[in-house]
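A short worksheet on the structure shown next.
Keep in mind the model is a prediction, meaning the values are calculated, not measured. When a ligand or atom number is given, it counts from 1 through the structure's own listing order.
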Amino acid sequence: MNTAEFDFSFLEEGFSAKDIVEQKINESSMTDDRDAFYVCDLGDVLKKHLRWARALPRVSPFYAVKCNDSQAVLMTLASLGTGFDCASKTEIQLVQSLGVDPSRIIYANPCKQVSQIKYASTHGVQMMTFDSEMELMKVARCHNNAKLVLRIATDDSKAVCRLSIKFGAQLKACRGLLEKAKELGLDVIGVSFHVGSGCTDSAAFKQAIADARCVFDMGLVLGFCMNLLDIGGGFPGSEDADIKFEEITAVINPALDKYFPVDSGVRIIAEPGRFYVASAYTLVVNIIAKKVLIDDDSASDGKGRVIDRSLMYYVNDGVYGSFNCILYDHAHCLPTLHKKPKPDEAMYRCSIWGPTCDGLDRIVEQCNLPDMHVGDWLLFENMGAYTVAASSTFNGFQKPDIHYVISRPAWQHVQQIYAQGLPVPAESCTLDVPACCGREKNLEIPSKSPQAHVV
Ligand SMILES: *Cc1c(COP(=O)(O)O)cnc(C)c1O
């Protein structure tokens, strides 16, 4: 892949992604199309990366591709030197097509199809997670040199999207799994966990890190070279989350220093998804239809006005499209107004609906909005995570175009980081076992620099 196939432009000096939203709205308003569209600020992805490096200096991010697999995002992250968490053959293919070295990929799906394990094997992807005996037997048959990572269950009761109901071995099962791996001649290199997506409880990380330590010790006793801790994902992606990223990292860092101190030589990675992409994307939708309902119980709005109606707005993206996050990701999406309401403008009880013929296709059950018209625009911010990645074209409604922007200073910063190359992973073993820990070869930077059409 030499050039990317996405609509990309540089922000002129003094312009922000918000100005591009405005410009695109103006352009579209001159036509009859008024299709929904996204503006994605790749500079925001860079900002997140720098914020990550500041807050978690010991932890290398392996971006979770499932969260948003847009080429522009993946290319930006590849240039920044992150690794990637892939869960399928197609995700591995996608990331490798950008020139990412297989040592920068973790196949972080504990339950894999045999043919896909074979694919990973023939394509040099060695790190992979497991949480059952059956998986170990599959890997022993299909992969010659897998570096296995034992995924443990966590207390994810306070996460928005629970994952440990599906994945992760119980602590009491871990010794048996490690013994089985030994028996099969497999190489277990560490432990991973995921506290659940949209985690609101920093204590879950602390407990999981302590649990991982226990499993490390079991592995060391059995003679494994345990040198990789993977603290998974679950980090918030926008400022309106219930917990701030830095509140979580303030708990993670001391736990890492306690259980996995720097001189333990353990390499620490994570699999952030939401964190990197949520706030980079703004979705802009157009009101395509509107209904006025006369309320039986009219009420005063506190300014002496009688509000005797509620409004239904229909917009051109919905739950079968970008707003699948409402169903799958338990998201609560609220619009930002495009036109600022006048200070004394009456507000109405409103619901917002998607364009399909299904009654399920409701974006907002109730919110207060002014009286708007067909053809007006609404903005939804923080729409980068678990949105475009899982949207469909059900009922024939197409996915919105995405306009990628970045400022020149941000672009130069990305190029600089790219030119510096990637850090060598700190790798060693606490066990003095010969041939256990040959130092890994230096990680390679992608063979091709990301390029994009400049429009
Ligand atoms: C979904 C997923 C992630 C990403 O989770 P976020 O909450 O978006 O950070 C990371 N690792 C695994 C194994 C996942 O399934």
**Item:** Protein residue, atom and distance nearest to atom 13 (C) of ligand 1, heavy-atom basis
**Value:** E271 OE1, 3.3 Å
**Asked** Okay, side chain of Q96, backbone of H123: is any donor-acceptor separation there less than 3.5 Å?
**Response** yes
**Item:** Short N-O contact, E179 and K182, less than 4.0 angstrom
**Value:** no
**Item:** Ring centroid separation F260 to F216 under 6.0 Å
**Value:** yes
**Prompt:** Can you check side-chain contact (heavy atoms from CB on, under 4.5 Å) on V364 and Y313, steps first, answer last?
**Reply:** CA-CA 10 Å; V364 181; Y313 291 118; over 6 Å; no
**Request:** Check if F167 has a non-hydrogen atom at a distance under 4.0 Å from any atom of ligand 1.
**Result:** no
**Fill in**
Within the 4.0 Å heavy-atom cut-off, what K166 brings close to ligand 1 is neither
**Item:** Structural part of P272 in contact with ligand 1, heavy atom criterion under 4.0 angstrom
**Value:** backbone
**Item:** Atom indices of ligand 1, in the order listed, that fall short of 4.0 Å to a heavy atom of R274
**Value:** 6 (P), 8 (O), 9 (O)
**Item:** Contact atoms of ligand 1, heavy-atom distance to A64 under 4.0 Å
**Value:** 3 (C), 4 (C), 10 (C)
**Asked** What's the shortest distance from atom 2 (C) of ligand 1 to any protein heavy atom, and which residue and atom give it?
**Response** K66 NZ, 2.3 Å
**ligand 1 contact by G232, heavy-atom criterion under 4.0 angstrom** = no
**Request:** Cation-pi check, K112 to Y107: give yes when NZ or CZ is under 6.0 Å from the six-membered ring centre and within 45° of the ring axis, no otherwise.
**Result:** yes
**Request:** Write out the residue and atom name of the closest protein heavy atom to atom 7 (O) of ligand 1, then the distance separating them to 0.1 Å.
**Result:** S197 OG, 2.4 Å
**Fill in**
Atoms of ligand 1 under 4.0 Å from any heavy atom of R151, numbered from 1 in the order shown, are 13 (C)
**Message:** I'd like to know if D257 and R58 make a salt bridge, using a cut-off of under 4.0 Å between side-chain N and carboxylate O.
**Reply:** yes
**Asked** Between H194 and ligand 1, is there a nitrogen or oxygen pair with a distance under 3.5 Å?
**Response** yes
**Item:** Min N/O separation G234 to ligand 1 under 3.5 Å
**Value:** yes
**Item:** Test item: T249 and W52 side chains (from C-beta on) under 4.5 Å apart, heavy atoms
**Value:** no
**Request:** Answer yes or no: does atom CZ of R175 have more than 12 heavy-atom neighbours from other residues, nucleotides or ligands under 6.0 Å?
**Result:** no
**Request:** Determine whether the side chain, the backbone, both or neither of D85 has a heavy atom under 4.0 Å from any heavy atom of ligand 1.
**Result:** side chain
**Prompt:** Crowded around K138 NZ? As in, over 12 foreign heavy atoms under 6.0 Å?
**Reply:** yes
**Request:** Could you tell me the residue and atom name of the protein heavy atom closest to atom 8 (O) of ligand 1, and the distance to it rounded to 0.1 Å?
**Result:** Y386 OH, 2.6 Å
**Request:** Report the part of F275 in contact with ligand 1, treating N, CA, C, O as backbone and CB onward as side chain, heavy atoms under 4.0 Å; options are side chain, backbone, both, neither.
**Result:** neither
**Complete:** With Y320 as partner, the option from D361, D358, N395 fulfilling side chain to side chain donor-acceptor pair (under 3.5 Å) is D358
**Message:** Taking 4.0 angstrom as the limit and counting only heavy atoms of A108, give me the atoms of ligand 1 inside it, by number and element.
**Reply:** 13 (C)
**Prompt:** Hey, does G273 come in under 3.5 Å of ligand 1, counting only N/O atoms on both sides?
**Reply:** yes
**Asked** Considering residues, nucleotides and ligands other than H330, do more than 12 of their heavy atoms fall under 6.0 Å from its NE2?
**Response** yes
